[in-house]
Amino acid sequence: MSSRARLADIAAKAGVSEATVSRVLNGKPGVAEETKQSVLTALDILGFERPTRLRRRSAGLIGLVMPELINPIFPAFAQVIESALSQRGFTPVLCTQSPSGATEEEYVEMLLERGVSGIIFVSGLHADTGADHERYRALVDRRLPVVFVNGWLPEVEAPFVSSDEFAAMELAVSHVVALGHRRIGFASGPERFIVVQRKLAGYRTSMKAQLGLADHEFDKLVALSMFGVEGGAAAAQQLLDAEVSAVICGSDMMALGVIRAARQRGLSVPGDVSVVGYDDAPMMEFTDPPLTTIRQPVQAMGLAAVQSLLEEVRGHTTPHTEFLFRPELVVRGSTGPATGQNW
């Protein structure tokens, strides 16, 4: 792109003349501070690199690193966090990963080059016990404020904000047991993720406490697959073969996959099998049937993440611990009384 085209794009985005953009970029006097900030913000949004002498003015940038936007729970988190940052005068920079796109590490390098004031990681590699976590310790060592959402690394001195996955499974199991279900399956993503380990522990503990299950009885009742609709459908095959009457899922997307797999077998939901999701992502109340699920307190968690980060940005120390937020059971149409049928 030519420099003239770049000036035109920046000017259009900032709502000023090309001459004003040129004066800001070249450090000429006579430009109001508010106008200067508008030009610099336009520069950031369009992805152009700031001149070296102006990079220190990017103190208002906050990186937001997310795994993807296909699962609607992630756009929900992004909306809450971006809105909270904007209201406080900061400019969020959203970085989402895709199979063919930039990695989390590449995004972090890009954000560091742009001089961000801090980074919020949502369900990133910090939640993957098989990943290298040295990168996070390096960020903390360089005094960059960071906050992590859903995941826990006790060796990293930073605030962590999580939904209480263990308590979530207690709520889910109690709900379907109260409906008369006894053969209750659990479908979730890979066990290397901390959120899965916690959900699995909550499920097993609750099943033992409420139904008296022994360890060996979980072999056919637990199906760990991939996150997403396809993963849910794959996990459902094992669980339906085991003749479960209810399935508790690690995400809403997996729950939709379980419902699809059940219907392909000619089973009705909740007539033959009850299904519980996790997240209460947007639109789950409009699925067929409306999904019973465990609601992550996204609003409260997002605000807590922003407040913790900005305290660190302003030089105030926040507790380097994990803040656990209690989820909520949302009962809709995908769960019903056990019928006693055996297929």
Side-chain angles (χ1 to χ4, degrees), residues 64-68 70-71 73-74 76-78 81 96-97 103-105 107-108 119-140 146-173 186-207 218 222-228 231-232 235 248-255 276-281 293-298 300-302 304-305 308-309 318-327:
L64 174 55
V65 181
M66 314 195 80
E68 41 101 348
I70 297 173
N71 184 336
I73 196 62
F74 293 126
F77 267 114
I81 292 171
T96 57
Q97 299 165 60
T103 64
E104 180 179 295
E105 193 165 10
Y107 273 130
V108 169
I119 303 176
I120 297 175
F121 294 90
V122 178
S123 298
L125 293 176
H126 65 280
D128 186 343
T129 59
D132 178 13
H133 299 141
E134 184 58 38
R135 71 192 75 193
Y136 303 123
R137 287 189 287 270
L139 291 176
V140 171
V146 290
V147 171
F148 301 91
V149 177
N150 282 336
W152 169 235
L153 297 172
E155 71 274 17
V156 176
E157 295 185 4
F160 290 77
V161 176
S162 300
S163 177
D164 191 336
E165 317 271 353
F166 191 97
M169 294 301 102
E170 289 182 318
L171 291 172
V173 170
F186 175 76
S188 193
E191 195 171 358
R192 71 176 190 273
F193 292 102
I194 294 171
V195 293
V196 176
Q197 294 172 10
R198 289 176 168 182
K199 285 190 182 85
L200 183 55
Y203 162 79
R204 291 173 66 97
T205 300
S206 296
M207 291 285 283
F218 289 102
V222 173
L224 301 183
S225 179
M226 301 300 295
F227 285 114
I248 296 171
C249 302
S251 75
D252 291 338
M253 296 297 99
M254 293 195 77
V276 181
Y278 179 87
D279 281 335
D280 194 27
T293 188
I294 303 295
R295 175 182 293 159
Q296 277 203 74
V298 172
M301 291 171 64
S308 297
L309 186 80
T318 57
H320 294 158
T321 185
E322 184 178 31
F323 301 93
L324 279 179
F325 286 75
R326 186 167 179 83

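For clarity, every value in this text was computed on a predicted model and none was experimentally measured.
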Derivation and outcome, side-chain contact (heavy atoms from CB on, under 4.5 Å), residues Met66 and Asn71 = CA-CA 11 Å; Met66 314 195 80; Asn71 184 336; over 6 Å; no
What one should report as the nearest heavy-atom pair of Ser225 and Gly231 is OG-O, 3.1 Å
Within the distance-only criterion (no hydrogens, no angle test), does the side chain of Glu104 pair as donor or acceptor with the backbone N or O of Gly124 below 3.5 angstrom?
-> no
Before giving the answer on side-chain contact (heavy atoms from CB on, under 4.5 Å), spell out for Ile73 and Asp252 the whole-Å C-alpha distance, their side-chain angles and the decisive distance to 0.1 Å.
-> CA-CA 9 Å; Ile73 196 62; Asp252 291 338; over 6 Å; no
Which atoms form the tightest heavy-atom contact between Trp152 and Ile194, and what is the distance?
-> O-CD1, 3.2 Å
Could you go through the side-chain contact (heavy atoms from CB on, under 4.5 Å) check for Phe166 and Leu324 one step at a time?
-> CA-CA 10 Å; Phe166 191 97; Leu324 279 179; over 6 Å; no
Is there a side-chain contact between Ser123 and Val149, using heavy atoms and a 4.5 Å cut-off?
-> no
Would you mind reporting whether Ser163 and Pro297 have side-chain heavy atoms less than 4.5 Å apart?
-> yes
Output for pair (Asp279 CG, Phe74 CZ), nearest 0.5 Å, gives 7.5 Å
Atom CE in Met301, atom CG in Asn150: separation rounded to 0.5 Å?
-> 4.0 Å
Under the side chain to side chain donor-acceptor pair (under 3.5 Å) test, residues paired with Asp280 that sit two or more places apart = Arg295, Arg332
Quick one: pull up CZ in Phe186 and NZ in Lys199 and give me the separation to the nearest 0.5 Å.
-> 7.0 Å
Quick one: does Val122's side chain get under 4.5 Å of Ile81's, heavy atoms only?
-> yes
What heavy-atom pair brings Ser308 and Thr318 nearest, and what distance separates the two atoms?
-> O-CG2, 3.6 Å
Between Phe323 and Pro159, which heavy-atom pair has the shortest distance, and what is it?
-> CE1-CB, 4.1 Å
Is Tyr136 reaching over with its side chain to a backbone N or O of His126, donor-acceptor style, under 3.5 angstrom?
-> yes
Pairs meeting criterion salt bridge (Lys or Arg N to Asp or Glu O under 4.0 Å) with involvement of residues 120-134, two or more places apart | Asp128-Arg192, Glu134-Arg137
Could you tell me the separation between the CG atom of Leu139 and the CD1 atom of Ile119, rounded to the nearest 0.5 Å?
-> 5.5 Å
Expected output: side-chain His133 to main-chain Leu125 donor-acceptor under 3.5 Å | yes
Tell me, do Phe227 and Pro190 make a side-chain contact under 4.5 Å, heavy atoms counted?
-> yes
Note: Leu64 and Ala78 closest approach over all heavy atoms is CD2-CA, 4.0 Å
Between Val140 and Glu157, which heavy-atom pair has the shortest distance, and what is it?
-> CG1-O, 3.7 Å
Quick one: pull up CZ in Phe121 and CZ in Arg135 and give me the separation to the nearest 0.5 Å.
-> 8.5 Å
Can you find a heavy atom in the side chain of Phe148 that is under 4.5 Å from one in the side chain of Val156?
-> yes
Would the Phe218 and Tyr203 ring centres measure less than 6.0 Å apart?
-> yes
Pairing residues for Ser162 by the side chain to side chain donor-acceptor pair (under 3.5 Å) criterion, not counting sequence neighbours | Glu322
Give a yes or no answer on whether the side chain of Ser251 reaches the backbone of Tyr278 with a donor-acceptor pair at less than 3.5 Å.
-> no
Working to the nearest 0.5 Å, report the span between CD of Glu165 and OG of Ser188.
-> 8.5 Å
